[in-house]
Amino acid sequence: HKHIKPGNERVNCVITSGMFRSRLCVAAALATGYGAFQTQSSFTIGHSCAESAPSTAPATNTYKVDESSAKLKLVQVVFRHGARTPLSARKDFWAHDPVWDMCGDPPYQPVPIRVTSTTGELNPECPGNLKQRRKVLGEGQCFQGQLTFLGQQQAHEFGVWLRKRYVERLKFLPPTFHADRVRARTTNYDRTIQTLQGVLTGLFPPQQAAPAPAPPAQKQKPGPRAAASQQQQQQPPGPPTVIPVTTSSDLDEILYADTKSCPHLGTFMKMGEALSRESVRRDPDYGWARGELQRVLGLDDAFFLRQWPMTDVYDAMVSMKAHGKALPSGMSERLLLAVDRMATREFASVVAPSVRDELGQNVMRLSMGVLLHTIISNMESALSAPAASGGPTMMLYSGHDSTIMPLLAALGVDIAYWPPYLSNIIFELWELPPGAAGSGGQHVVRVLYNTHELQVPHCPPGSSPSMSMFREEVLGPFLLSHSDWGAACQVAVTHSGSLPQPKSVSSVVDEDE
């Protein structure tokens with residue numbers, strides 16, 4: 001099937017600079033440890049770079065959020081799955097260390113989930129997922145793209161972080177799962193489903209057995225009420241709550257781009273792919289890195305003519321490194337960093353191109369417009385719902401790097417290096433207190449990236465945009481409702497415009513490998 005496969009995912013640090021008129025620098029460490037993504041040393045976010053131009057954006061409609069007085073209204077969490085095995089078919093990359101045996105049941109008791117499609121089908125199958133299950137990696141029980149023990153632990157630890165913040169510190173969520181308060185959605189791949197299950201387990205751990213009752217102070221027969229209470233305390237807890245989870249087919253997917261049902265998107269992405277090849281080859285280290293890869297891995301010239309060759313190499317190397325496997329002799333840190341940079345350029349140029357030009361704007365709107373529209377619609381629903389309605393207050397979305405990358409681009413981040421496993425973006429909707437000077441009752445959107453506040457376009461450091469500013473100025477150009485998506489996929493491109501006329505559906509090459 002023709003879509004940007006969520007199989008093309010990598011892990012590394014993220015060093016980004018913002019776009020539009022405000023700038024951001026984000027440094028991220030390689031997430032090879034269980035919870036490295038959330039430690040203070042892993043992600044250092046600054047608000048200026050040596051190469052950054054000073055911000056000339058107006059600071060109106062931006063506010064500072066004081067968590068002690070503001071009221072949290074809604075939290076939406078979008079995250080990439082945890083660490084996984086490689087997606088590369090090149091088993092010769094790890095022939096010197098062929099055993100992949102770090103997959104299986106998680107090292108914790110997962111909460112039970114019930115996965116249903118948007119059309120009501122229970123546990124639907126995904127062709128791409130089934131294809132990966134059939135590809136066993138060398139020796140061991142792991143298959144292609146499978147979530148590993150490391151990935152399971154990363155997911156659980158992120159769920160624990162969410163619990164500490166939103167249950168224990170902010171008292172925003174109840175300590176146990178309530179279906180009317182929390183909604184969960186995932187793409188239909190084993191690794192994203194299991195990652196979501198791990199996050200839910202950390203967020204709402206299975207209830208432990210009730211403690212034994214204290215012995216009575218006096219040896220006397222208890223009354224009826226005391227006897228009933230003692231019997232209730234001695235009973236084991238009931239069966240754990242089964243958490244409903246939503247998934248979908250490619251046609252209804254909102255967490256990655258679907259070019260099969262949107263041929264114009266496929267054409268625009270083909271254009272981005274051609275531009276990415278040229279950009280990679282202009283990298284000053286390209287010739288050196290290509291020669292080193294041919295020497296170290298025994299690659300021929302034909303390998304570098306295929307789709308995303310640097311991405312293929314980096315996928316395998318970083319997965320191996322994250323799981324403590326030996327890298328091929330000669331695979332130096334300098335070479336890995338160069339391949340990372342070029343692989344990111346290969347892939348991001350297609351799924352998350354710069355939105356400064358018309359090509360990037362078209363790709364962003366047709367690929368992520370429905371998800372962005374859903375995020376905004378959820379905020380509007382949270383504000384319009386009566387206070388006593390008990391509507392959802394947290395939305396969880398389990399996706400891929402092809403989900404995180406375009407969201408970062410839409411938020412004004414230039415992606416230079418690959419987001420790590422379990423990268424996450426959190427959208428918090430706050431209501432400022434009535435007495436706040438000049439902002440009473442104002443609703444503000446604060447964005448966190450990998451648990452740290454992200455400076456969004458048009459906002460000075462430490463400030464967040466109003467809900468209206470976030471909707472209209474930050475994400476406005478890319479919003480696309482699900483009902484309008486079909487028509488937008490058929491939008492005409494004129495001969496006088498800056499984009500070429502899209503190819504016919506039959507001329508778009510099926511990239512399924």
Side-chain angles (χ1 to χ4, degrees), residues 5-16 26-39 41-43 77-88 100 102-103 106-108 132 137 142-162 186-187 189-202 255-256 311 314-325 327 336 339-340 343-344 347-348 351-352 396-408 415 417-426 448-452:
K5 304 174 186 64
N8 295 311
E9 301 155 335
R10 318 290 165 257
V11 54
N12 193 35
C13 60
V14 177
I15 303 175
T16 62
V26 180
L30 179 66
T32 57
Y34 284 170
F37 67 91
Q38 59 177 304
T39 61
S41 60
S42 295
F43 292 91
V77 189
V78 186
F79 48 90
R80 184 191 178 193
H81 57 75
R84 55 151 175 78
T85 59
L87 290 160
S88 175
W100 292 89
M102 64 286 293
C103 308
Y108 48 81
Q132 291 176 5
L137 299 180
C142 295
F143 58 78
Q144 188 182 73
Q146 185 174 2
L147 194 72
T148 61
F149 298 136
L150 171 61
Q152 294 164 353
Q153 189 66 35
Q154 288 173 331
H156 184 265
E157 291 192 1
F158 181 54
V160 170
W161 183 89
L162 292 174
T186 176
T187 64
Y189 281 77
D190 289 343
R191 58 183 172 275
T192 52
I193 295 172
Q194 293 167 7
T195 295
L196 176 58
Q197 189 173 25
V199 171
L200 287 167
T201 302
L255 293 173
Y256 57 75
T311 299
Y314 197 66
D315 170 68
M317 296 301 112
V318 174
S319 180
M320 292 169 64
K321 185 176 181 180
H323 295 98
K325 296 177 72 65
L327 299 182
L336 273 178
V339 174
D340 175 12
T344 303
F347 193 61
V351 303
L396 299 173
Y397 298 97
S398 181
H400 308 262
D401 54 3
S402 52
T403 311
I404 296 296
M405 279 184 171
L407 287 183
L408 287 174
I415 304 165
Y417 292 88
W418 221 286
Y421 297 131
L422 231 299
S423 282
N424 53 87
I425 302 174
I426 303 177
L448 306 179
Y449 176 52
N450 289 338
T451 75
H452 294 271

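The figures here come from the full heavy-atom set of this structure, side chains too, leaving out hydrogens, waters and symmetry mates.
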J.: Passes side-chain contact (heavy atoms from CB on, under 4.5 Å), M317 versus V339? Steps please.
T.: CA-CA 10 Å; M317 296 301 112; V339 174; over 6 Å; no
J.: Is a side-chain N or O of T201 found less than 3.5 angstrom from the main chain of H156, in a donor-acceptor match?
T.: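 Judged by distance alone, no pair lies under 3.5 Å.
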J.: CD1/I404 to CG/N424 distance, rounded to the nearest 0.5 angstrom?
T.: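 I404 CD1 to N424 CG: 7.0 Å, rounded to 0.5 Å.
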J.: Give the minimum heavy-atom separation between Q153 and P107, together with the two atoms involved.
T.: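 That closest heavy-atom pairing would be OE1-CG, 3.6 Å.
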J.: What I'd like to find out is whether the side chain of F143 reaches to under 4.5 Å of the side chain of C103, using heavy atoms alone.
T.: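 No, side chains not in contact.
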J.: With a 3.5 Å distance limit and no angle check, can you tell me whether T192 reaches the backbone of H81 through a side-chain donor-acceptor pair?
T.: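 No.
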J.: Judged by atom type as modelled, is there a donor-acceptor pair below 3.5 Å linking the side chain of Y108 to the main-chain atoms of Q152?
T.: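 A pair under 3.5 Å: yes.
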J.: So how far is it from R84 CZ to D190 CG, rounded to the nearest 0.5 Å?
T.: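 Rounded to the nearest 0.5 Å, the CZ-CG separation comes out at 13.0 Å.
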J.: Is there a side-chain contact between F79 and S398 in this structure, where contact means two heavy atoms from C-beta onward sitting under 4.5 Å apart?
T.: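 A side-chain contact under 4.5 Å exists here.
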J.: How close do I193 and T187 get, counting heavy atoms only, and between which atoms?
T.: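 Of all heavy-atom pairs spanning I193 and T187, the closest is CG1-O, 3.7 Å.
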J.: If you define the side chain from C-beta out and look only at heavy atoms, does anything of T403 sit under 4.5 Å from R80?
T.: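 No, side chains not in contact.
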J.: Enter the distance from H323:NE2 to T85:OG1 here, rounded to the nearest 0.5 Å.
T.: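 So the gap between those two atoms works out to 7.5 Å.
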J.: I would like to know whether L336 and L327 meet side-chain contact (heavy atoms from CB on, under 4.5 Å); could you show each step before the answer?
T.: CA-CA 10 Å; L336 273 178; L327 299 182; 3.8 Å; yes
J.: Flag the pair P419 / Y449 as yes when at least one side-chain heavy-atom distance between them is below 4.5 Å, and no otherwise.
T.: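 Yes, close enough: below the 4.5 Å cut-off.
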J.: Starting at CD of Q197, measure out to OG1 of T186 and round the result to the nearest 0.5 Å.
T.: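 Spacing of CD (Q197) from OG1 (T186) equals 10.5 Å.
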J.: Which atoms form the tightest heavy-atom contact between I415 and A352, and what is the distance?
T.: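 Where I415 meets A352 most closely, the heavy atoms are CD1-CB, 4.0 Å.
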J.: With rounding to the nearest 0.5 angstrom, report the NE2 to CD1 distance, H452 to I426.
T.: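 Spacing of NE2 (H452) from CD1 (I426) equals 10.5 Å.
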J.: Donor-acceptor pair, distance only, cut-off 3.5 Å: does the side chain of Q154 make one with the backbone of A83?
T.: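 Yes: the side chain of Q154 pairs with the backbone of A83.
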J.: If we only count heavy atoms from C-beta on, is the H400 to L255 side-chain gap below 4.5 Å?
T.: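 Not in contact.
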J.: For the atom pair CG (L408) and CD1 (I425), what is the distance rounded to the nearest 0.5 Å?
T.: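 One gets 4.0 Å once the value is rounded to the nearest 0.5 Å.
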J.: Please tell me if the side chains of W100 and M320 come closer than 4.5 Å, counting only heavy atoms from C-beta onward.
T.: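 Result yes, sub-4.5 Å side-chain heavy-atom pair found.
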J.: Could you check whether any side-chain heavy atom of S319 comes within less than 4.5 Å of a side-chain heavy atom of Y421, counting everything from C-beta outward?
T.: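 Answer yes - side chains close enough.
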J.: So D401 and F347, do their side chains get closer than 4.5 Å, heavy atoms only?
T.: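 Yes, close enough: below the 4.5 Å cut-off.
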